[in-house]
Amino acid sequence: MGLAWLRLMMLLIPGPVQTRPETQAAMAQDIAPWDHGFRPTYARIRERVRAIAGGIAGEHVTLPLQGSGHFIMEAAIRTLVPPGAKILIPMNGAYADRMARLAREAGREVVTLNLPNTRGARAEDIAPVLAADPAIGHVALVYSETGSGIVNDVPGIGRALREAGRRMLVDAVSAFGALPFNMAEHSECDALMFTSGKCLEGMPGIAFAVARIDTIKAAAGQAGSWCMDLADVLAHSERAGFGSIRFTPPVQVLAAFDVALDLFDAEGGQPARHARYRANADTLYDGFVAMGIKPYLAKAEQGPIIVTVHQPSDPRFDFARYVEALKARGVLICNFWTTPEPTMRIGAIGALTPDDMQRVLAIFRETLAEALPAAA
Ligand SMILES: *Cc1c(COP(=O)(O)O)cnc(C)c1O
């Protein structure tokens, strides 16, 4: 496979990501989602992602939902946290804010814990809050905070929650498939949420929770929404078969996702993907430092998913124009930022390699020289 296809446009946004041509090609067909020709594909995808999550057959189940990451986060919170119950959310980035909003709007009582957005949350941050408030039954946290690039210590916090007898929900949307997590070792984890279009390198359009069967069953009837009820997703699977889905899915996205999972396996699964993204992120981080662009995070806190850097402080720097100039050269980055200070976010994920990142850095350098002639 040559690089010609990449040269059209490199997508360096933190999802949806650059996909392989094989994945894209699988979309170009008409498919009947309830037909017996497609059901095995859907059922197989569910088994494959459960395995990636380290889920145990008979103990964990994959519950898909049409839509993006917010939809599955809302569904998981509505399904698993009883109405009016307390849920603790460590706040250290844009996606934690979003989770707090959707939990609140679902009528759950959100307890927030403000933490700095420049380092990952750790068990010792959370433990005192739990000790002080026994009514907090659930903790929801973001694994990779896509707003800044930090990684919260989900395995460590999970162990602390298990000791404290509390339940954990994880927004693994920008982590799943790259950062390690083994549900078999985390009985406190009720559900891990993610989508087709980030580290698994599929198209956007379908979201998943890998969840504990016992807690999902015990939660039947409390979602307050048919569409968002993951207990109903499970009940439907048991009634109609695991190859059947309740409502029309983005069926071409599912077909492409099955191919994306083949490519994930061929690459060497989660460890290999993690290693490639880590190398991408390190290449970007070191390259920006060499260019005189300051990273938002200390190197030790820099996760492998997204690299955030400060915008140049030169008053001539116009971010919107810079993004367009990069795009004209074939590099597409996010055109907004979610940190308090003006930053640029560059995705290290997707079907891209450290060599691609070197090309990206050269394009950043060229574009910067054009935008700020004297400074460069
Ligand atoms: C992308 C992302 C989401 C979901 O965003 P959608 O646009 O709804 O797919 C949620 N959490 C994190 C950490 C993300 O990176």
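All residue numbers refer to positions in the sequence shown, counting from 1. Both ligands and their constituent atoms are indexed starting at 1 by order of listing. Only heavy atoms go into these numbers, but all of them, side chains included; no hydrogens, no water, no symmetry mates.
A donor-acceptor contact shorter than 3.5 Å links the side chain of Gln252 to the backbone of Gln29.
Between Phe242 and Tyr42, the ring center distance fails the sub-6.0 Å criterion. In this structure, the ring of Phe288 has its center no less than 6.0 angstrom from the ring center of Tyr296.
Residue Ser144 places a heavy atom less than 4.0 Å from ligand 1.
Protein heavy atom closest to atom 1 (C) of ligand 1, with residue, atom name and distance, is Lys198 NZ, 1.4 Å. Here the protein heavy atom with the shortest distance to atom 4 (C) of ligand 1 is Gly69 CA, 3.5 Å.
Near Val142, with a cut-off below 4.0 Å to any heavy atom, the atoms of ligand 1 are 13 (C). Residue-ligand proximity, Ser174 to ligand 1, at heavy-atom distances under 4.0 Å covers atoms 13 (C), 15 (O).
At most 12 non-hydrogen atoms from other residues, nucleotides or ligands lie less than 6.0 angstrom from CZ of Arg101.
The N/O atoms of Ser68, backbone and side chain alike, include one that comes under 3.5 Å of an N/O atom in ligand 1.
Across the listed options Asp171, Val170, Thr146, Ile72, Thr146 owns the non-hydrogen atom lying nearest to atom 15 (O) of ligand 1.
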### Arg39/Trp34 under side-chain contact (heavy atoms from CB on, under 4.5 Å): CA gap, chis, key distance, verdict
CA-CA 6 Å; Arg39 285 183 187 219; Trp34 291 283; 4.2 Å; yes
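No chain of hydrophobic side-chain contacts below 4.5 Å, direct or via other Ile, Leu, Val, Met, Phe, Trp or Tyr residues, connects Tyr95 to Tyr277.
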